> 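Structure below; questions to follow.
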Amino acid sequence: MMKRNFNSAGKISQGNARGFTLAEVMISLLILITVTGAVFSQINQMQKKSNTEAIKVDLSQEAREFIDQTVHDLHRAGYPNAAMYSNPLADTTKVAVGLVSVSPTQIL
């Protein structure tokens, strides 16, 4: 309950009245709206950038999966086969075929 102060004439004293004027409330509200608008615009920009980066990551992963699948399919189809590689250790003077010797560093 609010206590009222009366002056000597019996009227309510305006000097001790508590509260805010309409102008103060409007200015406070304007400042609050401005700050809130600035914060939400920054949040909106961050969400847009996050969505853009997520799309970029998805596209990169899909491209990588496509290349991996293509390489896998080519290998399963037999490309490249062993005849396409050159064998510098092949000695044409030897007639024997198979395992000749085994050492810790070399298998012939």
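The structure presented is a predicted model; accordingly, all values stated were derived computationally and were not measured.
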> Measuring from Glu65:CD to Ser60:OG, what's the distance to the nearest 0.5 Å?
11.0 Å
> Can any side-chain N or O of Thr34 pair as donor or acceptor with the backbone N or O of Leu30 at less than 3.5 Å?
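Yes: the side chain of Thr34 pairs with the backbone of Leu30.
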> Quick one: CG on Asp73 to NE2 on His75, what's the gap to the nearest 0.5 Å?
10.5 Å
> So how far is it from Ile31 CD1 to Thr36 OG1, rounded to the nearest 0.5 Å?
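Going from CD1 on Ile31 over to OG1 on Thr36, the span is 11.5 Å.
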> Enter the distance from His72:NE2 to Ile67:CD1 here, rounded to the nearest 0.5 Å.
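Nearest 0.5 Å value for the NE2-CD1 distance: 14.5 Å.
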> Rounded to the nearest 0.5 Å, how far apart are CD of Gln69 and CG of Leu74?
10.0 Å
> Say whether Asn51 and Gln47, considering side chains only, have a donor N or O and an acceptor N or O under 3.5 Å apart.
no
> Please say which of Leu59, Asp58, Val57 ends up in a side-chain contact (heavy atoms from CB on, under 4.5 Å) with Ile55.
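The residue from Leu59, Asp58, Val57 that satisfies side-chain contact (heavy atoms from CB on, under 4.5 Å) with Ile55 turns out to be Leu59.
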> Do Thr21 and Glu24 make a side-chain contact, defined as non-hydrogen atoms from C-beta onward lying under 4.5 Å apart?
yes
